[in-house]
Each structure stands twice: as C-alpha cells, then as structure tokens.
Undergrad: 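Shown below is the structure under consideration.
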Amino acid sequence: MSARMYAKKGFTLVEILIVVVILGILAAIVIPQFTQASESARASSLKTQLQSIRSQLELYQVQHLGSYPDLATDWTQMTELTDKAGDTEDMGADADDLEFGPYLQKAPANPFTLDPDNATAVADDIDSTSADNGWAFDSVTGEIRAIVPAAKATELGLDDANDFNQSGS
C-alpha cells in the first residue's frame with residue numbers, strides 16, 4: 001500500500017526530450033516561412049516604389065518641356081521645387097520661379113541594394129550592372145530600373161532581375 005502513496009509526479013526525461021524534439025521540428029518549418037515572407041514584402045515594396053517613381057518622372061517630364069531630370073548625381077530635381085527648366089534654388093533658379101514639384105518626399109532606397117550607403121546613387125547608364133547603386137536611369141527615355149542582384153532574383157523565383165522592372169508590374 002505504501003507504493004501507491006508515492007504516486008509519480010512530474011515528467012520523465014524521455015517525455016521532455018520528445019517535446020523538445022517536436023518544438024525543434026516546428027521551428028525548422030516555421031522560421032524559413034518568415035524569411036520568405038520578408039523577402040516577398042521587400043519585392044512588393046520595390047514594385048510599388050518603381051510604379052510611384054515612374055509616374056512622378058512622367059509628371060516631371062510633362063511639366064518641364066519634355067525633358068527628364070538629371071538623376072546621375074542626385075535626386076534634387078525630384079525632391080525639391082523646380083522652375084520650368086528643371087533648376088532648383090541650389091542651381092541658381094529664382095525663388096519666385098520655383099513652381100513645380102517636389103515630386104518625391106526623399107530619394108528612394110532600393111531595398112535589394114548591396115550597399116545601403118549608396119542606395120540613392122543613380123547610374124545614368126540604363127545598361128549599368130553595378131549592383132551597389134540601386135537604380136539605373138536613362139535621362140533621354142526616362143526609363144528607370146531597380147538593380148537587383150541576380151542571386152536575390154533567383155532566390156525569389158524570378159527568371160531575371162528585370163522581372164521587377166516590367167512597366168506593367
């Protein structure tokens with residue numbers, strides 16, 4: 001009768017190990033899903049940014065006698081007030097003539113750029129393959145593309161980094 005008085009309380013080592021193994025398996029399944037969701041969000045953000053930038057470039061072009069801004073050095077013409085010629089106050093424009101813009105609140109950052117310090121630099125060569133500047137812009141045609149490292153495009157299941165850059169997307 002004394003054996004029944006000392007009923008077993010608590011968990012055995014085997015039961016605890018089984019629970020730990022199950023939690024480990026669940027974590028191994030769930031954590032990659034969060035990583036993929038994060039990358040998908042970045043891709044979606046980039047597509048939205050491209051649509052916004054393209055529409056603002058077209059508005060700039062309409063208001064500035066058919067010419068696009070010079071984004072080879074900075075985004076000032078898109079983020080500050082400009083005159084009809086596209087000059088900002090820093091470029092010597094008269095403050096009374098600054099009637100257009102700003103078109104963007106700040107220079108956009110490409111979420112897939114390899115070098116965050118250079119995320120707002122722009123290549124004036126649309127065929128640029130430099131992955132550290134974030135954007136490729138052609139000031140003649142107004143075409144802008146996000147530069148996405150090939151490894152990222154492959155990781156996201158895109159055939160090509162330019163899948164982000166289709167005008168319809």
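Start at 1 with the first residue, then count along the sequence. Note that the coordinates shown come from a computational prediction; the quantities given were computed from them, not determined experimentally.
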Undergrad: Check whether any side-chain heavy atom of Thr79 lies under 4.5 Å from a side-chain heavy atom of Gln105, and answer yes or no.
TA: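 Not touching, per the 4.5 Å side-chain cut-off.
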Undergrad: Excluding sequence neighbours, so at least two apart, what forms side chain to side chain contact (heavy atoms under 4.5 Å, CB included) with Leu59?
TA: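 For Leu59, the residues satisfying side chain to side chain contact (heavy atoms under 4.5 Å, CB included) (neighbours in sequence not counted) are Gln56, Gln63, Tyr103.
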Undergrad: Walk me through it: do Ser67 and His64 pass the test side chain to side chain contact (heavy atoms under 4.5 Å, CB included)?
TA: CA-CA 6 Å; Ser67 64; His64 292 86; 4.2 Å; yes
Undergrad: Side chains of Trp75 and Pro69: closer than 4.5 Å at any heavy-atom pair?
TA: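 Answer no - side chains too far apart.
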Undergrad: To the nearest 0.5 angstrom, please state how far the CD atom of Gln51 sits from the CG atom of Leu46.
TA: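 Between Gln51 CD and Leu46 CG, I get 10.5 Å after rounding to 0.5 Å.
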Undergrad: Side-chain contact, heavy-atom cut-off 4.5 Å: Arg54 with Ile144?
TA: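 They are in side-chain contact.
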Undergrad: Locate the shortest heavy-atom distance separating Gly86 from Gln77; write the atom from each residue and the value.
TA: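 Closest pair (atom of Gly86, atom of Gln77, distance): O-NE2, 2.7 Å.
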Undergrad: In chain order, what residues pass the side chain to side chain contact (heavy atoms under 4.5 Å, CB included) check against Ile25, with sequence neighbours excluded?
TA: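 Side chain to side chain contact (heavy atoms under 4.5 Å, CB included) check on Ile25 returns Val21, Ile29.
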Undergrad: In chain order, what residues pass the side chain to side chain contact (heavy atoms under 4.5 Å, CB included) check against Pro102, with sequence neighbours excluded?
TA: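 Residues passing side chain to side chain contact (heavy atoms under 4.5 Å, CB included) with Pro102: Leu81.
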Undergrad: Taking only residues two or more places apart in sequence, or in another chain, which ones meet Thr88 in a side-chain hydrogen bond (donor to acceptor under 3.5 Å, both in side chains)?
TA: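 side-chain hydrogen bond (donor to acceptor under 3.5 Å, both in side chains) check on Thr88 returns nothing, list empty.
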Undergrad: Could I get the full list of side chain to side chain contact (heavy atoms under 4.5 Å, CB included) partners for Val14, not counting sequence neighbours?
TA: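 Val14 satisfies side chain to side chain contact (heavy atoms under 4.5 Å, CB included) with Thr12, Ile18 once adjacent residues are dropped.
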Undergrad: Tell me, which pairs form a ring pair (Phe, Tyr, Trp, His ring centres under 6.0 Å) where one or both residues lie in residues 76-96, sequence neighbours left out?
TA: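 Counting only pairs at least two positions apart or across chains, no ring pair (Phe, Tyr, Trp, His ring centres under 6.0 Å) contact touches residues 76-96.
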Undergrad: With side chains defined as the heavy atoms from C-beta onward, is the minimum distance between Tyr68 and Phe137 less than 4.5 Å?
TA: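 Side chain of Tyr68 against side chain of Phe137, heavy atoms only: contact under 4.5 Å found.
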Undergrad: Do you know the tightest heavy-atom contact between Asp83 and Ala93?
TA: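 Scanning both residues completely, I find the closest heavy atoms to be OD2-CB, 3.5 Å.
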Undergrad: Using 0.5 Å steps for rounding, measure from the OH atom of Tyr60 to the CG atom of Leu71.
TA: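 Between atom OH of Tyr60 and atom CG of Leu71 there are 8.5 Å.
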Undergrad: Would you call Thr76 and Thr82 a side-chain contact if the rule is heavy atoms closer than 4.5 Å?
TA: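 No - every pair of side-chain heavy atoms lies 4.5 Å or more apart.
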Undergrad: Tell me who clusters with Met91, hydrophobic residues only, linked when side chains sit under 4.5 Å apart either directly or through other members.
TA: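 Other cluster members: none.
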Undergrad: Using every non-hydrogen atom in the two residues, find where Gly142 and Leu57 come nearest and quote the distance to one decimal.
TA: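 Scanning both residues completely, I find the closest heavy atoms to be O-CD1, 3.9 Å.
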Undergrad: Quick check: closest heavy atoms across Ala27 and Pro32, and the distance to 0.1 Å?
TA: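 Nearest heavy atoms, Ala27 then Pro32: O-CD, 4.2 Å.
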Undergrad: Test your reading of the model: is there a side-chain donor-acceptor pair from Arg42 to the backbone of Pro111, 3.5 Å cut-off?
TA: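 Present.
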Undergrad: How many angstroms lie between atom OG of Ser40 and atom CD of Gln33, to the nearest 0.5 angstrom?
TA: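 Answer for the OG-CD pair, Ser40 versus Gln33, is 10.0 Å.
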Undergrad: Between Leu65 and Lys84, is the side chain to side chain contact (heavy atoms under 4.5 Å, CB included) condition met? List the steps.
TA: CA-CA 7 Å; Leu65 307 172; Lys84 194 82 166 167; 3.6 Å; yes
Undergrad: Can you list, by chain and residue number, the hydrophobic cluster partners of Val62 when the side-chain cut-off is 4.5 Å?
TA: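 Traced through the cluster, Val62 reaches no other member.
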Undergrad: Could you work out, with side-chain hydrogen bond (donor to acceptor under 3.5 Å, both in side chains) as the rule, every residue matching Glu89, not counting sequence neighbours?
TA: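 Listed in chain order: nothing, the list is empty.
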Undergrad: Roughly how far, to the nearest 0.5 Å, is the CG atom of Asp87 from the CG atom of Asp94?
TA: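 Going from the CG atom of Asp94 to the CG atom of Asp87 covers 11.5 Å.
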Undergrad: Does the side chain of Asn110 reach to within under 4.5 Å of the side chain of Trp135, using non-hydrogen atoms?
TA: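 In short, these two side chains touch, coming nearer than 4.5 Å.
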Undergrad: Report yes or no: do Leu50 and Leu104 belong to one cluster of Ile/Leu/Val/Met/Phe/Trp/Tyr joined by side chain heavy-atom distances under 4.5 Å?
TA: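 Same hydrophobic cluster.
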